[in-house]
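Take a look at the structure set out below.
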2 protein chains.
Amino acid sequence: MIKEIKKISQRVIPRMSRYYRILYEHNGKDMISSKELSDFSGYTAAQVRKDFAYFGQFGCPGRGYNIEGLKGSIRKILGLDRQWNVALIGVGNLGIALLGYKGFKDQGFEITAAFDNDPEKAGRMIKNVEIFSASKMCGVMRQKKIDMVILTVPRESAQAIAMEAVECGAKAVLNFAPINLKLPDAIKVRNIDMSIEIENLSFLISKG
Amino acid sequence: MIKEIKKISQRVIPRMSRYYRILYEHNGKDMISSKELSDFSGYTAAQVRKDFAYFGQFGCPGRGYNIEGLKGSIRKILGLDRQWNVALIGVGNLGIALLGYKGFKDQGFEITAAFDNDPEKAGRMIKNVEIFSASKMCGVMRQKKIDMVILTVPRESAQAIAMEAVECGAKAVLNFAPINLKLPDAIKVRNIDMSIEIENLSFLISKG
DNA sequence: TAGATTGTTAATCGATTAACAATC
DNA sequence: TAGATTGTTAATCGATTAACAATC
């Protein structure tokens with residue numbers, strides 16, 4: 001039922017995640033229409049249908065989409081039908097907060113190791129995650145079969161550490177450092193830059 | 001020198017923030033070319049020049065852009081030439097980490113109050129920020145002339161609390177709750193949804 | 001001057017929206 | 001059946017890239 005992928009706009013994936021969340025808020029209901037998904041998501045109904053159409057036919061003309069079925073389909077599409085082993089690198093304020101972030105764990109992203117170059121931190125457990133010395137990175141990452149890393153280190157060290165993580169087997173990086181990482185093409189990167197977002201707000205409100 | 005704004009693509013502002021950061025990494029140098037900015041940012045040189053052209057003429061043919069001058073211009077464009085008073089709502093793990101986040105303070109975003117509906121927290125100082133009971137929100141926000149709020153509350157309460165913050169004078173919301181907030185048109189909103197970003201990575205690596 | 005690089009226009013590319021036949 | 005709503009095609013809209021005259 002899930003069509004093999006033609007050319008997917010890079011922007012549909014975040015929307016799929018959004019729809020998936022909305023479906024979870026409708027447990028118990030049977031069907032949902034693109035119009036309803038539009039109301040909850042803020043995207044147009046045409047966009048909703050187009051987005052789903054990239055992956056297959058999930059709806060029923062005249063009736064809408066079966067919520068349980070669609071949830072399952074999106075779960076498969078996004079790769080949420082399995083556990084992902086995640087390591088967090090950089091156990092500072094933000095890193096610690098993310099160690100306990102429910103939004104990751106709930107969707108199968110399990111942080112099974114964390115690294116910091118402060119020897120004080122190595123050996124401790126924080127939010128139930130063991131902290132290792134950065135020097136142990138490769139061994140631990142391979143042993144724990146880490147798929148992806150969350151990078152919460154200072155900007156200055158981000159590039160070198162990201163590269164090291166890749167050499168230790170990471171296939172994707174969720175990067176919180178405000179820098180454009182240069183990594184091999186096969187490595188997937190998403191950036192979260194909180195300053196950029198807040199600066200967008202100051203731009204918007206200061207131009208009136 | 002800063003042109004009054006025709007129709008700015010919504011995507012140029014985050015790029016302007018990015019350029020601004022890069023300029024800061026080149027203190028001491030005199031000029032920088034769109035080609036160099038391209039190398040550091042990952043955007044094309046044509047894109048760099050086009051982005052700047054939305055706001056005016058900042059460069060010098062044959063020589064590039066004066067770093068100090070450009071820095072100042074972007075600072076004005078983004079509204080970073082003043083202090084912004086920010087309140088944080090929802091003093092959980094993530095909220096506490098953001099109270100101490102340097103990336104905000106360094107650019108003039110000063111978190112001058114935080115709110116939580118846990119009465120245990122009210123009255124405490126965390127990372128040098130006073131925590132108030134959520135019931136005091138309007139009084140404190142008006143007294144401290146809060147411009148924008150950072151919203152780190154659970155999804156279920158986000159909509160109601162965001163609306164309350166707007167009624168208390170907030171003109172912009174940096175929203176970490178995984179929900180599409182419905183607020184008056186004049187209110188600016190940016191969403192940071194960390195689960196969406198990590199799900200994007202699992203999509204990318206699971207389709208190979 | 002020759003070489004470098006801007007600012008801008010035109011061409012291309014990609015994403016969103018509108019419209020509607022098909023179908024439940 | 002009549003009403004609702006999908007999936008898809010075509011039309012529109014917007015953003016990026018290429019190209020180059022202007023200029024330092």
Side-chain angles (χ1 to χ4, degrees), chain A residues 1-19 22-23 26 29-71 73-74 77 180 200, chain B residues 1-19 22-23 26 29-71 73-74 77 180 200:
Chain A
M1 192 58 91
I2 298 174
K3 179 156 56 175
E4 257 334 299
I5 305 166
K6 39 187 167 192
K7 243 284 252 22
I8 291 167
S9 155
Q10 45 135 191
R11 303 224 204 107
V12 346
I13 301 304
R15 290 195 296 261
M16 295 299 278
S17 283
R18 191 71 85 183
Y19 304 140
I22 293 169
L23 296 175
H26 288 80
K29 258 187 82 188
D30 183 29
M31 306 291 284
I32 196 167
S33 66
S34 58
K35 175 64 171 57
E36 289 171 286
L37 281 164
S38 165
D39 292 339
F40 285 104
S41 66
Y43 308 124
T44 65
Q47 177 105 79
V48 172
R49 296 196 298 276
K50 195 103 211 290
D51 285 345
F52 293 160
Y54 280 107
F55 302 99
Q57 307 193 150
F58 305 107
C60 175
R63 318 218 304 111
Y65 300 89
N66 175 269
I67 290 179
E68 278 311 311
L70 186 56
K71 227 156 49 175
S73 300
I74 298 182
I77 291 164
N180 178 240
N200 206 305
Chain B
M1 192 58 91
I2 299 173
K3 180 156 57 173
E4 256 334 300
I5 304 165
K6 40 188 165 192
K7 244 282 249 27
I8 292 166
S9 155
Q10 44 134 192
R11 304 225 204 106
V12 344
I13 300 305
R15 289 195 298 259
M16 295 298 279
S17 283
R18 192 70 85 184
Y19 304 140
I22 292 168
L23 296 176
H26 288 80
K29 258 189 80 190
D30 183 28
M31 307 291 284
I32 195 167
S33 68
S34 57
K35 175 63 172 58
E36 289 172 285
L37 281 164
S38 165
D39 292 339
F40 285 104
S41 65
Y43 309 123
T44 64
Q47 177 106 79
V48 172
R49 295 197 298 276
K50 194 101 212 290
D51 285 345
F52 294 159
Y54 281 108
F55 302 99
Q57 308 194 152
F58 305 107
C60 176
R63 316 218 305 113
Y65 300 88
N66 175 269
I67 290 180
E68 279 309 311
L70 187 55
K71 226 155 52 174
S73 300
I74 298 184
I77 291 165
N180 178 241
N200 206 304

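A, B, ... follow the sequence lines: proteins, then strands. Residue 1 opens every chain.
For D:dA18, the paired nucleotide is C:dT9, the pair qualifying as Watson-Crick or G-U wobble because both relevant distances are below 3.5 Å. When both distances must be under 3.5 Å, the Watson-Crick or G-U wobble mate of C:dT23 is D:dA4.
Side chains of A:Ser73 and A:Phe58 form a contact here, defined as non-hydrogen atoms less than 4.5 Å apart.
Phosphate proximity of C:dG7 to B:Gln57: absent, as no side-chain N or O sits under 4.0 Å from OP1 or OP2. The phosphate of C:dT16 has OP1 or OP2 within less than 4.0 Å of a side-chain N or O from A:Arg15. Listed pair A:Gln47 / C:dT17 meets the phosphate criterion, a side-chain N or O lying under 4.0 Å from OP1 or OP2. Residue A:Tyr65 places at least one side-chain N or O closer than 4.0 Å to OP1 or OP2 of D:dG7. The side chain of B:Arg49 contributes no N or O atom lying less than 4.0 Å from OP1 or OP2 of D:dT16. In this model, the phosphate group of C:dT16 is not approached by any side-chain N or O of A:Thr44 to a distance below 4.0 Å at OP1 or OP2. Between A:Ser9 and C:dA15, a side-chain N or O to OP1/OP2 separation shorter than 4.0 Å is present.
Where B:Phe52 and A:Asp51 each meet DNA chain C at their nearest nucleotide, the meeting point lying more 5' is that of B:Phe52. Comparing A:Lys50 and A:Gly64 against DNA chain D, the residue whose closest nucleotide sits nearer the 5' end is A:Gly64. Comparing B:Ser33 and A:Val12 along DNA chain C, the residue whose closest nucleotide (by nearest heavy atom) sits nearer the 5' end is B:Ser33.
Rounded to whole Å, the distance from OH on B:Tyr54 to C1' on D:dA15 is 7 Å. Distance B:Glu36 CD to C:dT6 C1': 14 Å, rounded to the nearest Å. Counting to the nearest Å, the P atom of C:dC13 and the CD atom of A:Gln10 are 17 Å from each other. Look at CD1 on A:Ile32: it is 15 Å from C1' on D:dT6, rounded to the nearest Å. Note: CG (B:Asp30) to C1' (C:dT5) measures 15 Å, nearest angstrom. Per the geometry, CZ belonging to A:Arg63 stands 7 Å off C1' belonging to C:dC24, to the nearest Å. Rounding to whole angstrom units, CD1 of residue B:Ile8 and P of D:dA15 are separated by 11 Å. In this structure, A:Leu37 atom CG and D:dT6 atom C1' are separated by 13 Å, rounded to whole Å.
Nearest nucleotide to the A:Pro61 side chain, out of C:dA15, D:dT5, D:dT16: D:dT5.
Atom CE of A:Met16 sits about 8.5 Å away from atom CD1 of A:Ile8, to the nearest 0.5 Å.
A donor and an acceptor atom, one from each side chain of B:Ser34 and B:Arg49, are located under 3.5 Å apart.
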So B:Ile22 and B:Ser41, side chain to side chain contact (heavy atoms under 4.5 Å, CB included) or not? Walk me through it.
CA-CA 8 Å; B:Ile22 292 168; B:Ser41 65; 3.6 Å; yes
Could you give me the CA-CA distance, side-chain angles and deciding distance for B:Ile74 and B:Leu23, then say whether side chain to side chain contact (heavy atoms under 4.5 Å, CB included) is met?
CA-CA 10 Å; B:Ile74 298 184; B:Leu23 296 176; 4.0 Å; yes
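Checked against the 6.0 Å centroid threshold, A:Phe52 and A:Tyr65 count as a close aromatic pair.
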